[in-house]
Amino acid sequence: MEKLLFGAAYYDEYMPESRIDEDFRLMREAGMNVIRIAESTWSTWEPRDGEFCFDSLHRMLDGASRWGLSVIVGTPTYAIPPWLYRKCPEILPVTHAGQNLYGARQNMDITHPLYRFHAERILRRLLAEVQPYRCVIGFQLDNETKAYDTCSPGAQAAFKTYLKEKFGTVEAMNAAFGFAYWSNSVHDWDDLPDVRGTINGSYAAEYAAFQRTLVTEFLMWQRAIVEEYRRPEQFVTHNFDFDWEPWHCAGLQPEVDQFRAQAALTIAGSDIYYPTADELTGEEISFGCALTRALKKDNFLVLETQAQGPLRNDPYPGQVRLAAFSLVAGGANMVEYWHWHSIHNAIESYWRGVLGHDLRPGRMYAEIASVGRDFARLGGTLCNFRPRSRVAILVSNRSLTGLRNDASFSGFSYNRDALMPLHRALFRSNVAVDLLGEDARDFSAYALVAVPALYCAPEGLIAALKSYVNQGGKLLATCRSFYADENAQIRHAAQPYGMTEVFGMHYEQLTPAREAHVGHYQELLEPHEGTEVLRRYTNPSYAAYACATMHRYGRGQAAYIGADFDDELSIELVAELLRRMGLSLPAERWPLVLKDGEGICYAFNYSASPRAYSPPRECTDLLTGERFAPGESAPLPGWGVRIFQKAQQEAWL
Amino acid sequence: MEKLLFGAAYYDEYMPESRIDEDFRLMREAGMNVIRIAESTWSTWEPRDGEFCFDSLHRMLDGASRWGLSVIVGTPTYAIPPWLYRKCPEILPVTHAGQNLYGARQNMDITHPLYRFHAERILRRLLAEVQPYRCVIGFQLDNETKAYDTCSPGAQAAFKTYLKEKFGTVEAMNAAFGFAYWSNSVHDWDDLPDVRGTINGSYAAEYAAFQRTLVTEFLMWQRAIVEEYRRPEQFVTHNFDFDWEPWHCAGLQPEVDQFRAQAALTIAGSDIYYPTADELTGEEISFGCALTRALKKDNFLVLETQAQGPLRNDPYPGQVRLAAFSLVAGGANMVEYWHWHSIHNAIESYWRGVLGHDLRPGRMYAEIASVGRDFARLGGTLCNFRPRSRVAILVSNRSLTGLRNDASFSGFSYNRDALMPLHRALFRSNVAVDLLGEDARDFSAYALVAVPALYCAPEGLIAALKSYVNQGGKLLATCRSFYADENAQIRHAAQPYGMTEVFGMHYEQLTPAREAHVGHYQELLEPHEGTEVLRRYTNPSYAAYACATMHRYGRGQAAYIGADFDDELSIELVAELLRRMGLSLPAERWPLVLKDGEGICYAFNYSASPRAYSPPRECTDLLTGERFAPGESAPLPGWGVRIFQKAQQEAWL
Amino acid sequence: MEKLLFGAAYYDEYMPESRIDEDFRLMREAGMNVIRIAESTWSTWEPRDGEFCFDSLHRMLDGASRWGLSVIVGTPTYAIPPWLYRKCPEILPVTHAGQNLYGARQNMDITHPLYRFHAERILRRLLAEVQPYRCVIGFQLDNETKAYDTCSPGAQAAFKTYLKEKFGTVEAMNAAFGFAYWSNSVHDWDDLPDVRGTINGSYAAEYAAFQRTLVTEFLMWQRAIVEEYRRPEQFVTHNFDFDWEPWHCAGLQPEVDQFRAQAALTIAGSDIYYPTADELTGEEISFGCALTRALKKDNFLVLETQAQGPLRNDPYPGQVRLAAFSLVAGGANMVEYWHWHSIHNAIESYWRGVLGHDLRPGRMYAEIASVGRDFARLGGTLCNFRPRSRVAILVSNRSLTGLRNDASFSGFSYNRDALMPLHRALFRSNVAVDLLGEDARDFSAYALVAVPALYCAPEGLIAALKSYVNQGGKLLATCRSFYADENAQIRHAAQPYGMTEVFGMHYEQLTPAREAHVGHYQELLEPHEGTEVLRRYTNPSYAAYACATMHRYGRGQAAYIGADFDDELSIELVAELLRRMGLSLPAERWPLVLKDGEGICYAFNYSASPRAYSPPRECTDLLTGERFAPGESAPLPGWGVRIFQKAQQEAWL
């Protein structure tokens, strides 16, 4: 892209009264140049079965044309109208929670032919209506798509086909899933039990994996339809979200394989909602950017991020500005707020937008307009930024699901207790990271690969990681890694399976947390000759065992952390391990956050107190125009940001 | 009335053995003069479909006649017999919680014609049996009636009719409810979705309002039947309850519009259960009395109040006596315990009565008998008492339901976090209050009107309050007030909607609690020129904003508290605001509680430690006969009470 | 028996690969001599309807024969195969939680004729296959059998028959259950309401009692079939479990009347899972042994006990060895681990066995092998041990269920708040106990009988206890005892019902916990003339009332504790009461635990710190061979055990 896109979602049909010109004028004055419209409006545009009314669509597109705003058109398929439910109630599936009722969005069986028929019809009508408009720069397929846990007869029949293809015979499936346990063995494909009742973690995890394939298939299906209508320069994207927490999202999305589903898009996109006020640390923004950037290994769009909402996450003055630049520093080429106005009814009225419920420009509008002015002025320089990363984190949906179904009822969560803490430890030390999906096998671009709780590790991945270390790579693994295969079947050999030589240790004992700083698990590591022990357990009964080790293997090194330590210990331990493995860490640490890339280095102050940063080389702050000599201190106010344009192109970190 | 009624609920049919004469003798010895019988006994009196057996009824009525006890006859329609369920299982509706099973009381669809048919039959039979008895002084319609969340097809069909009448067109409804959101727009009345699945807060709130109309309609229906049988001097009442907490009840009952349902009665009535032991403060009693008194703007009956039960609420010695006089000081002309004996089976055996499970007069009987002796002696003087109130609190079921459906998942509760705290602040300062329903428009009788969290404020109410202040009234509002209209649609203009001139401030920002003393919400108030700021927020990010303001408007004054502060701060702040608005507050504060009325002033000590009160004028304690000169100190033991008969009729507070 | 049995459960069909010879060799090397097989394998042995395949059975039996291992064959009826569910879905009942789905074990209606037909067929086929094998020493009927809360139409029809038999008339039932309450009276047997909806605690408790009879009937039915096949020397047992907590089990099993169900067995058996690590106290082991020993008043088998699992309960080094000897000291003649290997799929993979998931002998194997060597060497001496008990605790399923349905929503639990604390108080003072079922009437063998929360006390039991005290027995009762009859109908006379003379006190007031050290209830005891008061309440409002009393009645004594005190107070109070009633308590107290029996006295150190014990008489430690003179100190390391063989046969405690 040649500039930054900046804007908000806009819903004429939700407004208590139409005020397009007023709103679009305010947008332009705030430096905005794009809106997203139209997802979730099916009942407005097809008020009755086969009757269409696109008045509000044309009002918005005509207005956008008039005011020079670009438009991203979302397809409205994620929320069905009441008449469709009345006509085809079978579209609402049964899930693990029971029979869905009409009312909520995202409650339908996305595999149901009756749903597909009606969805395709509205989709084609919409695309035809939109086609003439030059202001439309791209499409968003559906919205935060999932399989919504459909357990409909149709979905389960498709799952049977999926299993037949994967395993060939019931015997192979029985063996892979351990179905003999509690007499669940299936000796006829027609005996396959309803997934909703199963106690078999492997079967449950496989169904979750199957549901993720439904999302990819659904987006590919929509993409193919959109393809018939779009102009070549129009992009196709989607707003992937992450794991909800519940007022922000971070961590791997359990219900979508985003690394595969991205194939339906021309440019990756996501929703990045982060905690605010005293909880704003920047790590969720950094993580969301890294994950979205990883999907196409390219810059991406942020289709939704918060303005004033949700109410529980209302940001302090200065925080939304800090976040906007953080998104761009993470590789975003668009920052789009959800949403322009606030909602006055229904359910999400607590999720307030750029304007509050009073629809008048206020404190938040002013802050966002200040961002808009800077984006307009600097966008050409700032766009297409990518932070330089020598470290990659490999993320795994299989492991997430496998652990969820075999977590010893401990409450251990892949995202909360493994992935995000490891990401946090690196983020707090200003170690920039890329993310890799679980299909990755080539790690040669990275100085270090980190695998948090890689519970489900197939043989191919184990071999690739082993070879990577052998050839000089550095590996950091955390507890529960390598325990099971891709079917969540636990390995029946020494642990960490296939990697004991690499880590130079093994363990046979796994205990619950029994000392300070440990969250859920302690693996009692038994180091081999020549393995460095960084830390042992403090509980006298386990004092003989290590909890953090490092080992040279081939030309590389491999470190292992055998417990899910709390942040206090984990941040320190990870930094120490990285240092010992020869990675240089910057002296600056959070809350001073640096994002270093080609020609530019961002400095963020993720705290309310003033800080300072001393750029190592000559540079100019693009925001203020100040020039800094090497080593000269640049003060940063609370929640402040500076964008240093380097005199030379060298890396600073 | 010319005396106080004093008694207990009595259930011959629940007793392990009939002992009417023993029990009625003990009642008379305890000064009791009334019993309530017969609600909940359908399966006893109609053991099989169309077969009737009123033996125990006649035993009780004959016994009461013999022992000179008056009788209130409850109608038995709130608990259906097993044969009726077997005959007509469709009487049990589906609710938000699923399909009701037989077993619990209050589980039927009160709109179902089959229920009505059978209910009317037993009702008419019972009334005919009762008609000859002179001891029967009144009737209680049903028992703590609700719609029990019926979502039956019949109820939902009636709701459709209700909506058609209210809105006329689907378009008007769509606009009022914001049904466009998430594609819920309805373009044919037949597409109206099942209320159980809705995510639309306005639709959900309207269904709750509709369910409240069902209660009124049901009680009117019963009243009409009773009317055919009752003698003119026989009263008709009902035992309204309040919000359950769960061992006591206080706050507005969400499922009944008691201000409308009272039309079915000749005298208001209620169940007043309060916390005890170290939690006894008197405020729940005071609130319950004020609410019941408000329904008919008259004295009322307490049809149930606790003796020893529930077990979790067993009172300390002295507390039941304190409570009995508190009820009379709140306007009760009857105090009736639930219940005489305790229950030996089923479910509510933990809710013990005047007699314990051993059915022998014990500690509680003795304490209640001491009340009975005083009531008998002083009843002619004490009855018809009404505390003098210059302050009114306006309560709103629409606001309660609106906030429940749009509370940002914050857990903010109208009753717990707005109404009761405001009532508490006034109660603790000995400011007597009346309550007003949300239909009230004339406030001229009061020096101050307080509106806690009046979230759903229709235009007419806003205009009335504005005019009230303009003409010299004082208004006190707390946070979330005036935010939405009667359909829970949030206003799209400056907040507090329609009242910014009156309060002399507006706000656009609403944040979650981010400092000490705040429960859920902070509105960041921006005072206008000339508005007095009583307090600002302490969080540095919000230090510029006010949280409590006062402003002169027309000839009156209006104060606003923009956060739900804890009691520590709220009690002090409310007292300060009242003082600044020119209301004189008594020097005495809780736990010394005063109830001042015509000719009499009650003094209660709501603590275990001795206190004293100095009456300002000459008076006599009716309980002890002691006479006090003006300013002479009258000691009150722990949990003690004094009833000062004034030598002159003047107000003391 | 002539030796100790020692072994583990073994599941060839669950293993990722067959390794019988390797495993059985390791077992033998660890001193094991028995395995349990075959429960839960229906889908393996009958892969399709009527098709049988016993390959893995024969592999295991042949292997066991080869390696000299004895085998206990479990019947596989507790987990149905998928084809059976597909063929007869009606086998899965509705329960209080709704309709069962296929997947979990123990989800079927054990009364269903279709289930019985298929279960009998697989059972007979299995028994026929097993018959030739000499290594098979016994059978385990089913597995931890319950009625699984079946509320199927068939079960409820049988319940109707049960009620008719028990009560004869609906009127008698109505009176016993207090069905008049809330209009539940039943006047035609066909009106009996669905048990799932009932609010009647007596009806609910009776259904629970009925469900317990189903378990007994089911086990008797299986026993009769097994009887047709077994050789006289083959035993029949069952693995009863206790109340789950959830990671160990202790307390009375609510769903089985084990004192009656034992009639289906030739030798009692149980699963004894205990807390570990810092929570290991030994009391759950001691309790489980006492309960299993009580069933047949004889030694018994432990069919399952933990090795490394569940993960949440992973034991410290030394604890499993301590536990093994504790089981034998409690009367176990077999210690069998669950299970040999760990599970690699499905659900219980966190419940690890003697071998971990790596299937290699590790730390736990070594510890268990050390036990095996001692068992092999000393088994002839150690088997058939029974601790000498002068005290009995009477346990009552009726009371457990009655309290659960009438616990005032207080959360008071029979097991957690009455039975186990009383057992704990005795255990901590080294008072050995026997347990008695609620049908017991002869207490003459004991110096003291303790009745914790004997809420449901029938007249016959009251008479027996009264007579026992009159004739010189000592009785200790705790709060809530004697409150209701066997139908959970509360008595309508002075409390403790029928026993006021015996305890020399009565009470009429029952309050919730209102002072330190009390968990849920305070009975305000009013001692009679001559009754000793050990303690009064400290809350000033209740200072007049006693909470612990002692009284001489006839030739005996009776003590009563009127509140559920915490351990701190309860252990001290129970010890004091026992001492005052003339029982001599040993000087040694927990964590030094003694189990004294004929010829042998065990000493256990239930702590991580070293302790010492000085045997009062000459003896030899069987484990070390050390000889001790009277009074000589024998040191015990942390989690240590000594087995003193006495030179003389006298009792030490």
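Predicted, not measured: the structure shown is a model, and the values here were computed from it. The chains referred to below are lettered A, B, ... by the order of the sequence lines, with proteins before strands, and numbering in each begins at 1.
With a 4.5 angstrom heavy-atom cutoff, A:Y85 does not touch chain B via any of its atoms. Only the side chain of A:P317 comes within contact range of chain B, with heavy atoms under 4.5 Å apart. For A:W45, no part lies near chain B; criterion is any non-hydrogen pair under 4.5 Å. Of the two parts of A:R360, only the side chain, counted from C-beta on, holds a non-hydrogen atom closer than 4.5 Å to a non-hydrogen atom of chain B. Only the side chain of A:L359 comes within less than 4.5 Å of a heavy atom of chain B; its backbone N, CA, C and O stay farther away. When heavy atoms are compared at a cutoff of 4.5 Å, A:R86 approaches chain B solely by way of its side chain, counted from C-beta outward. With a 4.5 angstrom heavy-atom cutoff, A:Y11 does not touch chain B via any of its atoms. Heavy-atom distances place both the backbone and the side chain of A:I343 under 4.5 Å from chain B. In this structure, no portion of B:A513 lies under 4.5 Å from any heavy atom of chain A. Using a 4.5 Å cut-off between heavy atoms, A:N313 contacts chain B through its backbone alone, with no side-chain atom that close.
A donor atom on one side chain and an acceptor atom on the other are not found under 3.5 Å apart for B:H551 and B:H528. A donor-acceptor contact closer than 3.5 angstrom is absent between the side chains of A:Q308 and A:D314.
Contact count versus chain B (heavy atoms, under 4.5 Å) is highest, among A:M15, A:E17, A:E13, A:M364, for A:E17. With chain A as partner, the option from B:G197, B:P512, B:S183, B:G178 having the largest number of non-hydrogen pairs under 4.5 angstrom is B:S183. When A:N100, A:N143, A:N345, A:T44 are compared by the number of non-hydrogen pairs under 4.5 Å with chain B, A:N345 comes out ahead.
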Going through the checks in order, is the side chain to side chain donor-acceptor pair (under 3.5 Å) test met by B:N539 and A:Y316?
CA-CA 11 Å; B:N539 182 318; A:Y316 284 154; 3.1 Å; yes
With salt bridge (Lys or Arg N to Asp or Glu O under 4.0 Å) as the criterion, how do A:E46 and A:R125 come out once you've worked through the C-alpha distance, each side chain's angles and the decisive distance to 0.1 Å? CA-CA 10 Å; A:E46 190 176 2; A:R125 291 298 293 255; over 6 Å; no
*Check against salt bridge (Lys or Arg N to Asp or Glu O under 4.0 Å), A:R363 and A:E367*: CA-CA 6 Å; A:R363 207 263 302 156; A:E367 185 169 328; 2.9 Å; yes
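For residues 338-349 of chain A, the set of pairs meeting the salt bridge (charged side-chain N to carboxylate O under 4.0 Å, His left out) definition, not counting sequence neighbours, comprises A:R105-A:E348.
Because its NZ or CZ atom is not both nearer than 6.0 Å to the ring centre of B:Y537 and within 45° of the ring axis, B:R514 does not count as a cation-pi partner of that residue. Relative to the ring axis of B:Y521, B:R480 places its NZ or CZ within 45° and under 6.0 Å from the centre.
Below 30°, between 30° and 60°, or above 60°: for A:W42 and A:W83 the angle between ring planes is above 60°, a perpendicular geometry.
Between B:R398 and B:D485, no side-chain nitrogen of the basic residue sits less than 4.0 Å from a carboxylate oxygen of the acidic one, so the salt-bridge criterion is not met. Between B:K466 and B:E501 there is a salt bridge, since at least one side-chain N of the basic residue sits less than 4.0 Å from a carboxylate O of the acidic one.
Scanning residues 152-174 of chain B against chain A with a 4.5 Å heavy-atom cutoff picks out B:E171, ordered by number.
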